[in-house]
Amino acid sequence: MKGYYFERLDVWQGSRKFVKEIYIITKRFPEEEKFGIINQIRRASLSICANIAEGTSRQSEKDKARFINQAFSSGIEVMNFLILSNDLDFIREPEYIKLREDLEKITNQLNSLYNKYDR
């Protein structure tokens with residue numbers, strides 16, 4: 001089976017694992033948040049992966065940079081929901097710290113990748 005370029009990127013692999021963690025943790029959120037924070041944080045985390053994949057397929061460096069920037073912005077959106085989820089006691093403190101560290105690594109990698117394309 002042929003592998004795509006994005007599959008080899010550490011940042012995509014990390015964001016893929018991050019999505020799985022978000023899905024696992026949000027299963028424990030209150031049912032009334034199904035169409036609130038759960039939906040929003042899941043969609044934003046999926047957007048990180050999707051924009052990395054889509055961006056790497058673009059022909060121009062400018063287009064690639066735009067999608068990587070969108071992935072970064074989605075990461076910041078996820079960070080917002082992690083903070084709120086922690087404030088609301090939906091996430092235990094050790095989980096929050098781990099997710100936050102993982103997301104900081106992803107956003108730092110995205111920033112580096114963006115700088116590669118945005119010349």
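Sequence positions, counted from 1, serve as the residue numbers for this chain. When reading the values below, keep in mind they use all heavy atoms of this one structure, side chains included, and skip hydrogens, waters and symmetry mates.
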- Find the distance between CD (E7) and CZ (R16) and round it off to the nearest 0.5 Å. 7.5 Å

- Message: Can you tell whether the side chains of D102 and K105 come within less than 4.0 Å, N to carboxylate O?
- Response: no

- Item | Shortest non-hydrogen contact from A71 toward I52 | CB-CG1, 4.0 Å

- Message: With a 4.5 Å cut-off on side-chain heavy atoms, are L99 and E21 touching?
- Response: yes

- Message: In terms of relative ring orientation, are F6 and W12 parallel, tilted or perpendicular, with 30° and 60° separating the classes?
- Response: perpendicular

- Task: Give a yes or no on whether the backbone of E104 and the side-chain of N108 come within a donor-acceptor separation of less than 3.5 Å.
- Result: yes

- Message: Using the rule that Ile, Leu, Val, Met, Phe, Trp and Tyr join whenever any side-chain heavy atoms are under 4.5 Å apart, tell me whether L88 and V78 fall into a single cluster.
- Response: yes

- Examine distances only and state if a side-chain atom of N111 and a backbone atom of T107 form a donor-acceptor pair shorter than 3.5 Å. no

- Within 45 degrees of the axis of the six-membered ring of Y23 and under 6.0 Å from its centre: does R42 put its NZ or CZ there? yes

- Task: Would you name the heavy atoms of Y5 and L9 that are closest together and state the gap between them?
- Result: OH-CD2, 3.5 Å

- Message: Quick one, E54 with R58, criterion salt bridge (charged side-chain N to carboxylate O under 4.0 Å, His left out). Give me CA distance, side-chain angles, the key distance, then yes/no.
- Response: CA-CA 7 Å; E54 188 171 356; R58 297 300 170 144; 2.8 Å; yes

- Query: Closest heavy-atom contact between Q59 and K64?
  - Reply: O-CE, 4.3 Å

- Candidate list R92, E93, R100, K98, test side-chain hydrogen bond (donor to acceptor under 3.5 Å, both in side chains), partner Y96, passing option: R100

- Task: Enter the distance from F29:CZ to I91:CD1 here, rounded to the nearest 0.5 Å.
- Result: 4.0 Å

- All heavy atoms of I48 vs all of S74, minimum pair found to be CG1-CB, 3.8 Å

- Query: Going from OH on Y114 to CD1 on I68, what distance comes out if it is rounded to the nearest 0.5 angstrom?
  - Reply: 10.5 Å

- To the nearest 0.5 Å, atom CZ of F90 lies from atom CG of L84 at 9.5 Å

- Item | Derivation and outcome, side chain to side chain contact (heavy atoms under 4.5 Å, CB included), residues L113 and K116 | CA-CA 5 Å; L113 191 56; K116 174 185 171 186; 4.2 Å; yes

- For the hydrophobic clusters of this structure (ILVMFWY residues joined by side-chain heavy atoms under 4.5 Å, transitively), does one cluster hold both Y117 and V11? yes

- Note on the structure: In this structure, CD of E33 is separated from CZ of F81 (nearest 0.5 Å) by 10.0 Å

- Item | Spacing of CD1 belonging to I22 relative to CG belonging to L103, to within rounding of 0.5 Å | 8.0 Å

- Report yes if the side chains of N51 and F72 come closer than 4.5 Å at any heavy-atom pair, otherwise no. no

- Message: Measuring only between side-chain heavy atoms, which start at C-beta, is N80 closer than 4.5 Å to E77?
- Response: no

- Report whether I25 and M79 are members of the same hydrophobic cluster (ILVMFWY, side-chain heavy atoms less than 4.5 Å apart, transitive linking). yes

- Between I106 and S15 the two heavy atoms that sit nearest each other are CD1-CA, 3.7 Å

- So which heavy atom on S85 is nearest to which on I37, and how close? OG-CG2, 3.5 Å

- Task: Flag the pair E95 and R28 as a salt bridge only when some basic side-chain nitrogen lies within less than 4.0 angstrom of an acidic carboxylate oxygen.
- Result: yes

